[in-house]
Structures are given as structure tokens and as C-alpha cells.
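Written below as C-alpha cells is the structure these notes are about.
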Amino acid sequence: MTQYNYQDHFEQTAQPYQQQGFEQSYQQPAQQGLEQSYQQPGLEQPYQQPQQSAQLAGQFAQRFQLLAGNIERIIRGKHEAIELALICLFSEGHLLVEDVPGTGKTTLARSLAASVDAEWRRIQFTPDLLPSDITGVSIFNQAHQKFEFHHGPVFANIVLADEINRASPKTQAALLEVMEERRVTVDAEPHPVPRPFMVVATQNPVDMDGTYPLPEAQLDRFLMKISVGYPDHVSEVEVLKGMPTGPQVERLPVVARSSDVAGMIDFASRIHVADAVYDYIVALCSATRTSPHLRLGASPRGSLALLRAARVKAAAAGRHYVVPEDVKTLAAPVLAHRLILTPEAELREVTAAAALGEILAGMPVPQAA
């Protein structure tokens with residue numbers, strides 16, 4: 001069993017770090033009971049010492065839980081799904097929410113957007129939607145005698161792609177470039193989208209009439225795929241009691257600015273990862289490529305996605321280093337949708353999550369020294 005120190009050589013590996021907006025205090029709206037001010041001392045200083053990084057990780061966790069609690073005002077009893085959505089946001093990834101109608105898929109995305117003081121847009125995907133309806137189009141300006149680019153709704157910080165599988169593959173492909181490279185190319189001219197940028201897509205797995213399943217290339221662009229699921233009895237009762245005068249998305253207080261989110265993303269990207277954890281992530285993804293249940297395993301993009309998500313998971317727990325449990329917890333939502341089963345496994349009704357769980361169970365976990 002591999003022995004290692006999670007914080008080994010931390011002082012040598014930490015890089016200088018300049019925050020962008022996260023160092024400033026943020027006054028919460030008093031009328032919502034969020035009157036506490038979060039002053040971030042010292043974030044403008046070089047990020048070098050473990051003591052400093054531990055303090056910053058604690059501040060990250062505090063802001064993370066504040067955002068999660070704000071969203072839980074609307075989405076009751078779904079703390080895990082909310083945390084995964086926030087991990088996706090701070091990993092600079094994209095989220096695919098698949099569930100039956102009425103479980104709060106769209107509400108989760110709207111609540112996330114409402115909690116962050118950032119620009120957001122909603123695109124209702126339909127069979128007649130065109131790629132230019134998403135990315136934008138060049139229109140000839142007669143006054144200036146030249147073409148001018150008019151930005152589409154994808155140019156926002158958070159983009160809600162509602163029922164993404166109802167649009168044609170041609171329209172779905174309009175998101176491929178922007179989800180990976182964070183820019184849109186129209187008439188050979190690149191147009192960058194703002195930062196942070198996140199696509200939250202929803203789809204219904206039950207009603208398959210008039211839908212176009214997402215191809216593997218597009219599924220691989222999503223950092224996570226999650227389900228919200230039905231609420232428990234107590235949570236559903238609270239939802240009923242709160243209608244129609246209870247908390248609503250439109251009245252959610254803003255608890256973070258876009259500059260705060262950008263700063264938290266930068267901080268999370270510098271969370272320390274020991275060599276043994278790198279090896280564990282690569283070994284896990286490599287095992288999916290040789291599993292007898294799978295004909296397509298996780299690509300290197302999956303390895304990178306799991307690493308980014310594990311760093312945010314560690315910071316959300318108030319740690320400045322990643323532990324193997326962070327990787328194990330996030331393996332299913334990050335990797336399962338990237339895996340394709342063999343026909344034999346499908347006949348035996350083996351799921352991708354079950355195949356991944358079998359791999360995790362048989363793989364030794366690095367132990368702390």
C-alpha cells in the first residue's frame with residue numbers, strides 16, 4: 001500500500017498567487033439574514049506558506065457553504081446535488097442535469113445563477129433552433145458598410161441550455177467549441193466569452209419522442225452529469241408549506257460577485273496535489289480503458305476533469321491539499337457519463353456507474369504516511 005504525506009514538499013510546490021476580487025469584503029443583504037461581511041485578509045500576498053493556504057482554504061469553504069445554503073432556500077433536501085453544481089462552477093466546468101420532469105433541474109440552474117452577481121442567459125432548445133440563435137450572427141451595417149457581429153445568448157457567465165436533447169445535432173454542435181475553448185468563431189473571427197463561464201444543460205430521460213441524444217464528443221465536454229431526484233418526505237412538505245409566499249428564485253439574495261468566483265477559481269487551481277494522488281487518478285482512468293464491461297473508457301480530458309473537481313472539493317472542505325477520498329467521491333459524477341458499455345454488459349443490465357464502482361473497489365487507495 002502506497003504511503004505518502006499529503007502536504008509533502010508543499011512549500012516548494014506552492015506558486016505565487018494573485019487573487020482577482022476574492023480579497024475584497026462582501027456585505028450580505030441584512031434583510032435576508034446574511035448580514036455577515038467576509039473580509040479576505042492577505043489574499044493579495046504571494047501564496048507560499050501552508051499556514052496562509054490553510055487560512056485561504058477556510059475562507060473558500062465559508063463562501064462555498066454560503067452559496068450552497070442560499071441555493072438550498074429554493075432546492076430543499078438536495079445538498080449533494082447543490083454541492084456538485086458548485087464544484088462544477090469553481091472547476092470551470094459544465095454541468096449536465098438529467099432527471100424526470102418536475103424535480104427542479106431548471107430551478108437548480110436558475111438558483112445558482114441568481115446567487116452569483118453575474119450575467120446569465122436561458123436558451124430553450126427546440127427542434128427549430130439554429131446554431132446562430134446560440135452563438136450570434138454577423139449582420140451587414142449599411143451605415144458603416146461592413147458586417148458587425150451581434151452576440152448570441154451564449155455570451156454570458158452562466159448559460160442555461162434547457163432540454164438540450166430537443167435540438168438537432170447541428171444545433172447541439174454549436175456549443176462544442178465554446179464549451180471547450182471558451183470562445184466562438186464566426187466568419188473566421190474568434191469572440192471570447194466572459195469569465196467565469198459555465199453551461200448548465202438539462203435533459204429529460206423519459207420522454208424520448210422528438211429528442212436527439214447527445215453524442216459522446218459532447219457528453220465528454222461536460223465535467224459532470226448529475227440527477228436531482230425526488231425530495232424526501234420532510235423536504236417536500238416544506239416546499240408545499242412555502243408556496244406561494246416562500247422563497248422564490250427571483251428574490252434570492254446575491255451572495256457572490258463574478259470577481260469573487262474568478263478569484264475562488266484561481267485559488268482552487270493551486271490546491272496542492274501529492275504525486276501519489278496524481279498516480280491514483282491516472283490509474284483509475286486507465287483502468288476504465290481495460291475494463292471488460294467497457295468498450296470506451298475515460299480519456300485524458302476525464303483525468304483532468306477529475307483533478308480539477310477534486311481540488312475544488314478539497315477547498316470546499318477547508319483543506320489546502322487533496323486526499324484520495326476527494327477523488328473517490330467525485331469519480332462517478334465526473335467519469336460515469338464518459339464511459340460506453342459493451343453490448344454484453346448492456347444485456348446484463350450493468351450500468352457505467354456500477355462498472356466504475358467495481359474498478360474503485362478493486363483499486364488500492366494511497367494511504368497517508
Side-chain angles (χ1 to χ4, degrees), residues 20 85 88-97 109 112-113 116 118-203 211-225 258-259 261-262 265-266 269 296 298-309 334 337-338:
Q20 300 175 4
C88 201
L89 172 65
F90 294 120
S91 301
E92 287 195 292
H94 309 291
L95 181 66
L96 178 61
V97 187
L112 175 62
V116 179
E119 187 176 7
W120 82 284
R121 294 287 184 271
R122 174 177 177 169
I123 308 172
Q124 185 65 51
F125 278 66
T126 56
D128 60 346
L129 191 71
L130 298 175
S132 58
D133 296 331
I134 298 173
T135 60
V137 64
S138 294
I139 298 177
F140 186 74
N141 188 324
Q142 292 186 352
H144 297 89
Q145 292 295 301
K146 66 177 182 179
F147 282 92
E148 294 180 351
F149 179 67
H150 289 246
H151 294 77
V154 77
F155 287 88
N157 297 112
I158 299 177
V159 179
L160 171 57
D162 211 6
E163 296 187 282
I164 189 173
N165 57 336
R166 291 203 174 277
S168 66
K170 179 180 180 180
T171 302
Q172 293 174 3
L175 289 172
L176 287 175
E177 180 189 13
V178 70
M179 289 176 68
E180 181 64 20
E181 302 179 26
R182 286 171 169 75
R183 68 177 184 180
V184 173
T185 302
V186 178
D187 297 332
E189 287 293 328
H191 303 274
V193 294
R195 188 183 187 228
F197 175 72
M198 178 183 184
V199 173
V200 182
T202 68
Q203 65 179 13
T211 63
Y212 304 86
L214 292 175
E216 288 75 15
Q218 185 139 6
L219 282 174
D220 202 40
R221 296 301 204 271
F222 288 98
L223 186 135
M224 289 186 193
K225 179 182 177 182
S258 57
S259 58
V261 174
I265 289 171
D266 288 339
S269 68
L296 181 65
S299 66
R301 182 186 285 146
S303 305
L304 292 168
L306 188 55
L307 173 64
R308 284 166 25 217
V334 173
H337 65 284
R338 306 172 192 270

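Not measured: the values here are computed from a predicted model. For this chain, numbers begin at 1 and follow the sequence in order.
- Residue pairs meeting the ring pair (Phe, Tyr, Trp, His ring centres under 6.0 Å) criterion with at least one member in residues 164-184: none, sequence neighbours excluded.
- T202 contributes a side-chain N or O that, together with a main-chain N or O of E163, makes up a donor-acceptor pair within less than 3.5 Å.
- Among all heavy-atom pairs drawn from A174 and T135, the shortest one is O-CG2, 3.9 Å.
- R338 pairs by the side chain to side chain donor-acceptor pair (under 3.5 Å) definition with D220, not counting sequence neighbours.
- A side-chain donor-acceptor contact under 3.5 Å links Q145 to the backbone of Q142.
- Summarising the geometry of V193 relative to V154, their closest heavy-atom pair is CG1-O, 4.0 Å, with the distance given to 0.1 Å.
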Name every donor-acceptor pair, under 3.5 Å, that has one atom in a side chain of residues 125-133 and the other anywhere in the protein, sequence neighbours excluded.
| unit_1 | atom_1 | unit_2 | atom_2 | d |
| --- | --- | --- | --- | --- |
| T126 | OG1 | D128 | OD1 | 2.6 |
| D133 | OD2 | L130 | N | 2.9 |

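- Within the model, atoms NZ of K225 and SG of C88 stand 14.0 Å from one another, a figure rounded to the nearest 0.5 Å.
- Not counting sequence neighbours, H150 has no partner by the ring-ring contact (aromatic ring centres under 6.0 Å, His included) test.
- Salt bridge absent: K146 and E148 never bring a charged side-chain N and a carboxylate O closer than 4.0 Å.
- With rounding to the nearest 0.5 Å, the separation of CZ in R121 from CD1 in I158 is 12.0 Å.
- Listed by chain and residue number, V116, N157, S258 satisfy the side chain to side chain contact (heavy atoms under 4.5 Å, CB included) test with A118 (two or more places apart in sequence, or in another chain).
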| What do the steps show when you test L96 against L214 for side-chain contact (heavy atoms from CB on, under 4.5 Å), and what is the final call? | CA-CA 11 Å; L96 178 61; L214 292 175; 4.2 Å; yes
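- Here the CD atom belonging to Q203 is positioned 8.5 Å from the OG1 atom belonging to T211, to the nearest 0.5 angstrom.
- Residues passing the ring-ring contact (aromatic ring centres under 6.0 Å, His included) test with H337, sequence neighbours excluded: none.
- By the ring-ring contact (aromatic ring centres under 6.0 Å, His included) test, F197 is found to be paired with H94, residues two or more places apart in sequence or in another chain being considered.
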| field | Worked verdict on F222 versus M179 for side-chain contact (heavy atoms from CB on, under 4.5 Å) | value | CA-CA 8 Å; F222 288 98; M179 289 176 68; 3.7 Å; yes
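- P215 is linked by a side chain to side chain contact (heavy atoms under 4.5 Å, CB included) to Q172, Q218, counting only residues two or more places apart in sequence or in another chain.
- Expressed to the nearest 0.5 Å, how far CG of L175 lies from CZ of R221 amounts to 10.5 Å.
- Evaluation of the side chain to side chain contact (heavy atoms under 4.5 Å, CB included) rule for F147 yields S138, F140 as partners, not counting sequence neighbours.
- Taking the side chain to side chain donor-acceptor pair (under 3.5 Å) definition, one finds that R122 meets it with Q124, D162, sequence neighbours left out.
- Judged as a side chain to side chain donor-acceptor pair (under 3.5 Å), and not counting sequence neighbours, the contacts of T171 are S168.
- By the 30° and 60° cut-offs, the orientation of the rings of F149 relative to F155 is perpendicular.
- Heavy atoms only, all atoms of each residue included: P153 and V159 are closest at O-CG2, 4.0 Å.
- Legend: residues meeting salt bridge (Lys or Arg N to Asp or Glu O under 4.0 Å) with E216, ordered by chain and number and at least two apart, are absent.
- Here L306 contributes atom CG and R301 contributes atom CZ; the two are 15.0 Å apart, rounded to the nearest 0.5 Å.
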